[in-house]
Amino acid sequence: MRLHTFALAGLIALGFMGAAQAADLNPTRLQLDKKGLQLLDRQGRELARYAARAKRWDQRADGAQDHVAVLLDADRGRPVLLRSEGQVLRAQDLPEPGFAVEALCLHRDPQGLLQLFLLGEEGLSEQWLIAGPEGARPLRRLATAPGAKGCVVDDKLELLRIEEPGLGLWEHSTRVEGKPQRQLLRSTSRKAKAKAPASKTWDWPVLQPSGQTAPVARFGDAADDPAIWVHPSDARLSRILGTNKKQGLLVYDLQGEEKQLLEVGRINNVDLRQGLQVAPGQSMDLAVATQRDENALLLFGIDGEGQVSELARLPTDLKDIYGLCVGRSAEGELDAYPNDKDGRVQQIRITRSAEGRWQSRLLRQFQLASQPEGCVVDEANGRLFVGEEKRGIWQFDIGTGATAAKQKPQLIMPVGGALVADVEGLAIYRARPGDAGYLLVSSQGNHSYLVLDAQPPYALRGGFRVGINAELGIDGASETDGLDVSAAHFGGVYGQGLIVVQDGHKRLPDGPQNFKLLPWSEVARALKLP
């Protein structure tokens with residue numbers, strides 16, 4: 001059969017290319033016959049056998065000299081995992097998937113983790129993780145070609161290929177994070193049109209998250225933007241503020257446990273500053289969020305233990321308020337920088353009157369050609385960085401001595417190459433006052449994060465992705481909207497600081513979106529930052 005021929009040829013050409021090149025170094029090999037899976041030495045002598053009736057199987061190298069394989073036991077209809085250890089072959093039944101499996105194949109992802117694709121006869125398929133304390137568990141469901149008898153994964157390109165009888169060859173992205181992607185690579189039908197192969201993905205190191213928050217309470221595109229509040233005396237008691245744009249503001253501890261939910265409506269972005277002068281001899285920690293139903297700024301107070309309470313709702317003249325960041329003025333007051341989908345970016349001073357009433361005043365306005373969202377204020381250098389989602393990262397001069405000419409925005413990194421639209425969250429990492437610092441950016445279109453120098457010429461230092469932490473049972477992060485970073489010493493793995501990113505697709509298990517935590521030290525190590 002043509003389909004079966006493709007599957008076998010594909011496995012040889014793609015799945016085992018690395019194993020073939022290393023054959024001289026490996027003293028054993030695996031082979032499937034009618035009676036089961038054999039472990040053979042170089043001379044073809046049988047060392048061990050797993051007896052089973054199976055037609056579908058796949059394998060990968062397991063270290064320098066061993067193998068890992070999976071086969072479909074035809075009599076029991078369940079997958080079996082096998083590992084060779086020297087001259088021994090060990091077998092482990094994997095959980096029953098709950099549907100009839102027609103084909104299966106393995107994938108070694110960029111982190112080196114082993115994954116398994118189980119293809120259902122009706123096109124209902126699953127992708128599993130073969131790692132961690134639970135052994136094997138589902139990562140996501142997939143819609144694949146019905147009746148497929150074989151599959152193959154190109155590990156390097158992260159592509160699953162399946163031939164559909166009478167139609168053609170489908171190509172699926174193996175990436176768990178992000179929306180499922182597939183295309184018809186080659187058509188055998190006159191009615192179907194083949195699409196061009198997917199574009200090359202930027203090759204960044206994959207880092208493991210060290211923690212995650214509890215999921216938000218709404219499904220769909222809900223979680224959006226985090227902000228980090230540092231406890232004044234014990235940074236381990238710090239808090240993460242996160243927006244649920246279908247419900248309100250969430251407050252988490254550093255273990256990801258939800259401590260508060262303020263149901264204040266449809267808020268999008270949040271940012272905060274600590275130690276702001278609100279009256280002579282009086283300072284406060286304040287957070288601001290954009291309220292999209294009211295086109296207003298929501299002002300929150302944060303007490304010394306991280307308890308958050310709403311203080312005021314301040315109207316704006318924006319028609320479709322969206323993103324926001326805040327900064328401290330030269331006088332120690334709070335300036336908010338909300339933006340609108342029409343490209344406007346405003347600078348609004350927030351103060352408290354002698355009577356204790358909160359009020360706002362528009363200081364200036366900037367204009368971009370299209371929709372912005374993420375932004376960050378570099379107070380030390382009097383700069384505002386704004387992400388225009390489809391075009392790139394802009395820098396504005398907002399210092400007290402800024403002239404009209406200096407206020408003209410400068411495009412410091414356009415979309416294209418490493419930066420893929422949408423441009424989303426921005427944050428600045430600065431270990432000590434006076435350091436040049438780094439600008440952290442969410443490149444949403446390719447599920448990655450870029451690190452730039454925060455000083456001209458804003459050189460790109462590299463990028464990274466957030467993958468699976470199998471040991472802790474935490475999935476990676478994809479399609480990130482907002483993010484934040486702090487250089488505070490939070491203790492433990494966060495001794496050099498903490499990054500919090502929104503995750504657009506919650507896995508392990510599937511569920512509503514949440515936020516992932518990552519130590520800054522891992523980024524510094526991977527990108528060789530000083």
Side-chain angles (χ1 to χ4, degrees), residues 205-214 223-243 249-260 269-275 285 287 302 305-306 308 325-326 374 376-378 424-433 435 437-442 448-452 454 461-467 469 471-472 474-477 480-503 513-527 529-530:
V206 181
L207 307 182
Q208 294 184 358
S210 51
Q212 64 179 338
T213 68
D224 194 275
D225 189 43
I228 301 169
W229 175 84
V230 182
H231 192 281
S233 59
D234 187 349
R236 295 172 299 178
L237 302 178
S238 298
R239 296 287 186 260
I240 298 167
L241 279 60
T243 61
L249 184 70
L250 292 150
V251 183
Y252 305 95
D253 62 20
L254 296 189
Q255 290 70 49
E257 181 182 345
E258 182 182 314
K259 310 303 289 186
Q260 276 186 272
N269 283 38
V270 64
D271 200 5
L272 62 87
R273 284 296 185 271
Q274 298 181 230
D285 296 350
I302 310 172
E305 297 304 318
V308 179
C325 54
V326 301
V376 64
V377 177
D378 183 356
E424 291 289 342
L426 290 91
I428 291 175
Y429 177 88
R430 185 168 281 122
R432 293 170 296 276
D435 284 0
Y438 300 105
L439 179 63
L440 181 63
V441 184
S442 168
S448 66
Y449 311 87
L450 304 184
V451 178
L452 288 68
R461 290 300 191 103
F464 62 94
R465 291 161 52 193
V466 178
N469 188 324
E471 182 178 352
L472 297 180
I474 304 173
D475 64 305
T480 291
D481 283 319
L483 55 76
D484 199 11
V485 62
S486 171
H489 190 305
F490 295 97
V493 296
Y494 306 123
Q496 294 181 35
L498 166 67
I499 302 171
V500 180
V501 303
Q502 183 263 3
D503 180 15
Q513 297 172 334
N514 70 348
F515 300 90
K516 299 296 191 290
L517 283 64
L518 182 73
W520 175 262
S521 58
E522 286 299 297
V523 176
R525 177 191 57 80
L527 303 188
L529 301 176

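The structure displayed is predicted, hence computed values, not measured ones.
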A side-chain contact here means heavy atoms from C-beta on lying under 4.5 Å apart; do [X] and [Y] qualify?
{"X": "Leu498", "Y": "Leu254", "answer": "yes"}
{"X": "Val270", "Y": "Leu249", "answer": "yes"}
{"X": "Gln274", "Y": "Val230", "answer": "yes"}
{"X": "Asp475", "Y": "Lys516", "answer": "yes"}
{"X": "Arg273", "Y": "Asp285", "answer": "no"}
{"X": "Val523", "Y": "Val451", "answer": "yes"}
{"X": "Thr480", "Y": "Ser448", "answer": "no"}
{"X": "Val251", "Y": "Ile240", "answer": "no"}

Distance from [X] atom [atom1] to [Y] atom [atom2], nearest 0.5 Å?
{"X": "Phe490", "Y": "Gln496", "atom1": "CZ", "atom2": "CD", "result": "13.0 Å"}
{"X": "Ser210", "Y": "Leu472", "atom1": "OG", "atom2": "CG", "result": "8.0 Å"}
{"X": "Tyr449", "Y": "Leu527", "atom1": "OH", "atom2": "CG", "result": "13.5 Å"}
{"X": "Asp271", "Y": "Thr243", "atom1": "CG", "atom2": "OG1", "result": "11.5 Å"}
{"X": "Gln502", "Y": "Thr213", "atom1": "CD", "atom2": "OG1", "result": "9.5 Å"}
{"X": "Phe464", "Y": "Glu522", "atom1": "CZ", "atom2": "CD", "result": "10.5 Å"}

*side chain to side chain contact (heavy atoms under 4.5 Å, CB included) between Leu237 and Asp253: does it pass, once the steps are laid out?*
CA-CA 7 Å; Leu237 302 178; Asp253 62 20; over 6 Å; no
Between [X] and [Y], which heavy-atom pair has the shortest distance, and what is it?
{"X": "Trp520", "Y": "Val485", "answer": "CE3-CG2, 4.0 Å"}
{"X": "Val493", "Y": "Pro519", "answer": "O-CB, 3.2 Å"}
{"X": "Ala454", "Y": "Asp378", "answer": "O-OD2, 4.2 Å"}
{"X": "Trp229", "Y": "Ser238", "answer": "O-CB, 3.0 Å"}
{"X": "Val501", "Y": "Ala477", "answer": "CG2-CB, 4.0 Å"}
{"X": "Pro205", "Y": "Gly463", "answer": "CD-O, 3.2 Å"}

_Under the side-chain contact (heavy atoms from CB on, under 4.5 Å) test against Tyr438, which residue among Leu452, Leu529, Ile428 passes?_
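Exactly one pass, corresponding to Leu529.
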_Option passing side-chain contact (heavy atoms from CB on, under 4.5 Å) with Leu207 (candidates Ile499, Leu518, Val466)_ =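 By the side-chain contact (heavy atoms from CB on, under 4.5 Å) criterion, Leu207 pairs with just one of Ile499, Leu518, Val466: Leu518.
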_Worked verdict on Val500 versus Leu483 for side chain to side chain contact (heavy atoms under 4.5 Å, CB included)_ = CA-CA 6 Å; Val500 180; Leu483 55 76; over 6 Å; no
_Glu305/His231 under side chain to side chain contact (heavy atoms under 4.5 Å, CB included): CA gap, chis, key distance, verdict_ = CA-CA 7 Å; Glu305 297 304 318; His231 192 281; 3.3 Å; yes
*For Gln513 and Asp503, test the side chains for any donor-to-acceptor distance below 3.5 angstrom and give the result as yes or no.*
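No, Asp503 and Gln513 have no side-chain donor paired with an acceptor closer than 3.5 Å.
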_Polar contact flag, side-chain donor to acceptor under 3.5 angstrom, Tyr429-Ser486_ =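 Looking only at side-chain atoms, Ser486 and Tyr429 do not form any donor-acceptor pair under 3.5 Å.
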*Please answer whether the main-chain N or O of Ile474 pairs with a side-chain N or O of Asn469 as donor and acceptor at a distance below 3.5 Å.*
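The answer is no, because no donor-acceptor pair under 3.5 Å joins these two groups.
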*Report yes or no: does Arg430 contribute a side-chain atom to a donor-acceptor pair with the main-chain N or O of Asp435 at less than 3.5 Å?*
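Indeed, once roles are kept as given, a pair shorter than 3.5 Å links the two residues.
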*Any chance you could lay out the side chain to side chain contact (heavy atoms under 4.5 Å, CB included) test for Leu241 and Ile302, step after step, and finish with the verdict?*
CA-CA 10 Å; Leu241 279 60; Ile302 310 172; 4.2 Å; yes
